[in-house]
Amino acid sequence: MSDTGTDPTDQFEQPDDDGPRVEFYGGRGMSALPIGIFIVWAIVQTALWRIGDTGGLIVGILIGLIAGMFFVRGNWQSYANTIFEGMTQPVAVTAIVAWLWAGMFAQLLQDGGFVGGLVWLADTVGVGAALFPAITFVLAAVFTTGIGTGYGATVAFVGLFFPAGVLLGANPVLLFGAILSGAIFGDNLAPVSDTTIVSAVTQDADIGGVVASRFKYVIVAAIVAFLGYVAAGGAMTGLDVSAEAQAIFLEGSEAIGLIHIVSMLAVIGAAIAGRHIVEAISWGIVIAIAFNLVFGLASLGDMVMFNAPSDAPLAEPLESLPILTVVDNPDSVGVTGSLMTGVSGFLELSILVLLIIGAAQIMIRGGAFQVLLEWSIENLATNVRNAELTMVGSAALINAIITINTAAEVAIGPYISKIGERFNLNGYRRANILDGQTAALGYIFPWSGGVLAGFSAMQNLPGEYDWFEQSMVVTPIDVVPFVFQGWLLVAVFVLAALTGFGREYVIDRESEEVARV
Amino acid sequence: MSFFETYLKGWQFRANRPSLEVGSEIDVFVAESNGTSGTVYIGDTELVVDGAGAETVEKQVRVRVTEFDETTASGRGELLEVVGESSYSG
């Protein structure tokens with residue numbers, strides 16, 4: 001997706017025919033040790049100890065990379081060089097650039113009252129307790145589709161829609177499931193979603209075409225999920241909350257925030273029209289900043305603010321600037337605001353993904369990937385139906401294991417490409433199978449990034465509202481069966497593999513050049 | 001392809017064994033080779049490509065279909081040129 005002449009076909013390197021470049025004591029399988037250590041670390045940290053800290057995962061992959069080095073046969077320099085080779089792959093940089101742009105855009109919309117506008121709309125239309133989860137699912141889906149980050153949407157919706165729904169009498173577990181389902185929908189479909197981008201780039205497909213071609217799977221799952229939330233919303237009772245606090249429902253919810261639908265549509269329209277993702281989101285950012293300023297939704301200082309110490313040479317003389325504040329507390333020194341918050345949310349994930357790709361490259365150059373592929377192709381992917389089921393199963397498994405679903409997608413992407421190309425499945429079909437499982441499994445299990453993000457946001461609610469008791473917080477394991485969109489999306493792809501629904505071969509249609517987007 | 005056509009494309013159940021037209025030229029990935037001819041799988045349809053040596057494995061090649069049997073979903077073709085790489089290849 002770069003305009004700098006990068007060939008998108010060179011996303012991942014494969015060992016040359018003359019054998020693996022990095023040899024390991026214990027055979028080719030040992031090159032999977034760094035990734036293996038990381039996966040065990042991720043399971044222990046996030047599943048067993050429930051610590052959803054991306055920084056901790058960075059340490060896990062670093063230790064994996066260091067441990068792997070001791071098993072290298074011969075020159076260790078080739079091992080180190082391979083890590084660099086992996087980290088400088090276009091796939092990583094492409095995703096990171098998109099995250100930074102999308103992160104700024106998402107935060108501008110959130111700080112510009114977009115979610116508040118959606119709350120206002122739901123209230124104006126008159127949504128009751130039974131329908132609230134279903135409507136929340138739709139709104140979370142629309143929101144996530146616009147901003148592209150399911151984690152951000154989950155946090156925003158748990159902060160705003162969750163207490164409102166609980167107050168209205170909606171079942172909290174179902175409501176949390178509906179929010180996660182909406183996040184899955186958007187994470188899967190949004191052109192600016194990190195997982196959409198990675199799925200397209202690793203399968204050599206243009207993002208606009210990927211979004212259009214996956215619509216059929218997403219919408220089939222979403223219609224059934226919506227009906228599920230309508231039915232379950234009527235059947236599952238809510239908690240007994242005193243009615244007197246219901247006034248908070250509309251607090252901070254103003255119709256004007258809906259103006260950001262225009263910012264959102266600008267990005268979606270530009271991306272689908274084939275504009276470069278950086279250009280598309282930049283237009284969204286410019287429009288969002290203009291709307292925030294013109295309509296008074298957020299000030300310049302809300303969007304970017306320099307907090308300088310009083311002894312800085314030009315701090316006090318320029319204090320009248322709307323983007324400068326002189327602070328006395330040394331801990332308050334720094335740059336804040338929507339743009340900064342939006343970028344900083346992706347910094348740790350960016351580093352983590354670079355290192356995982358470095359470790360994946362070790363696995364590729366060391367031959368473990370080849371061993372895995374040969375085994376799968378020989379034993380599982382024996383015909384096109386089994387190949388697609390293998391793609392669904394392996395993508396789902398890796399994403400169920402690794403907390404950060406984008407990272408899992410980056411690791412499994414080349415593998416999906418390899419199996420799919422063997423049967424000449426086109427880039428769209430491969431990207432859709434890959435991202436369907438990535439989006440779904442990233443929001444189902446208790447250690448999934450999306451669930452952890454929502455659960456963390458929910459922990460703040462008892463402190464924010466007097467009526468919100470600790471017992472109203474949903475335990476992550478309870479929500480697992482109610483993430484309808486996630487389960488249905490996996491089911492749709494299993495059925496699609498079995499029946500051939502939506503299948504396209506390269507002879508039917510080739511995905512367009514990825515650099516277009 | 002118009003905006004709406006891209007959304008409507010693929011709403012169908014595609015066969016495991018797609019048919020090929022004799023004389024047509026197709027761009028496909030070569031799965032394996034015995035050194036002198038390569039094997040291409042398009043779903044479960046099998047096409048033997050004369051002239052596709054080991055160097056074409058996992059590359060995208062242009063093939064002219066010379067024979068095709070609907071009942072066995074298998075055929076032969078001749079290699080015209082290498083047109084692309086795998087999205088995962090060196």
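Chain identifiers are assigned alphabetically (A, B, ...) following the order of the sequence lines, protein sequences preceding nucleic acid strands; residue numbering begins at 1 within each chain.
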Report task. To the nearest 0.5 angstrom, please state how far the CZ atom of A:Arg429 sits from the CZ atom of B:Arg14. Result -> 11.5 Å

Requested in this report: Side-chain contact test, heavy atoms from C-beta onward, threshold under 4.5 Å: evaluate it for A:Val211 versus B:Tyr7 and give yes or no.
Outcome: yes

Query raised in the report: Is it the backbone or the side chain of A:Thr499 that comes under 4.5 Å from a heavy atom of chain B, or both, or neither?
Result: both

Requested in this report: Evaluate the side chain to side chain contact (heavy atoms under 4.5 Å, CB included) criterion for residues A:Arg503 and B:Asn16: first the C-alpha distance (whole Å), next the side-chain angles of each, then the deciding distance (0.1 Å), finally the verdict.
Outcome: CA-CA 9 Å; A:Arg503 182 184 295 149; B:Asn16 291 352; 2.6 Å; yes

**Report entry** Toward chain B, the part of A:Phe501 with a non-hydrogen atom under 4.5 Å
**Finding:** both

Query raised in the report: Measuring from B:Gln12:CD to A:Lys216:NZ, what's the distance to the nearest 0.5 Å?
Result: 8.5 Å

**Report entry** Under 4.5 Å from a heavy atom of chain B, the part of A:Arg214 involved
**Finding:** neither

Report summary line: Rounding to 0.5 Å, atoms CD1 (B:Ile26) and CD1 (A:Ile507) come to a distance of 5.5 Å

Query raised in the report: For atom CD of B:Glu21, is the number of surrounding heavy atoms from other residues, nucleotides or ligands below 6.0 Å larger than 12?
Result: no

Query raised in the report: Distance-only, no hydrogens or angles: does the A:Asn383 side chain make a donor-acceptor pair with backbone N or O of B:Asp44 under 3.5 Å?
Result: no

Report task. Using atom types as modelled and distance alone, determine if a side-chain donor or acceptor of B:Lys9 lies under 3.5 Å from a backbone N or O of A:Gly209. Result -> no

Report task. Write down the atom of B:Gly10, the atom of A:Glu504, and the distance for their closest heavy-atom approach. Result -> CA-OE2, 4.4 Å

Query raised in the report: In terms of side-chain geometry, is the basic nitrogen of B:Glu58 or A:Lys418 positioned less than 4.0 Å from the acidic oxygen of its partner?
Result: yes

**Report entry** Heavy-atom contact with chain B under 4.5 Å, split by part of A:Ile219
**Finding:** side chain

Requested in this report: Answer yes or no: is there a side-chain heavy-atom contact under 4.5 Å between A:Val506 and B:Phe29?
Outcome: yes

Query raised in the report: How many angstroms lie between CG in B:Leu8 and CZ in A:Phe215, if you round to the nearest 0.5 Å?
Result: 9.5 Å

Query raised in the report: Atom OH in A:Tyr505, atom OH in B:Tyr41: separation rounded to 0.5 Å?
Result: 14.0 Å

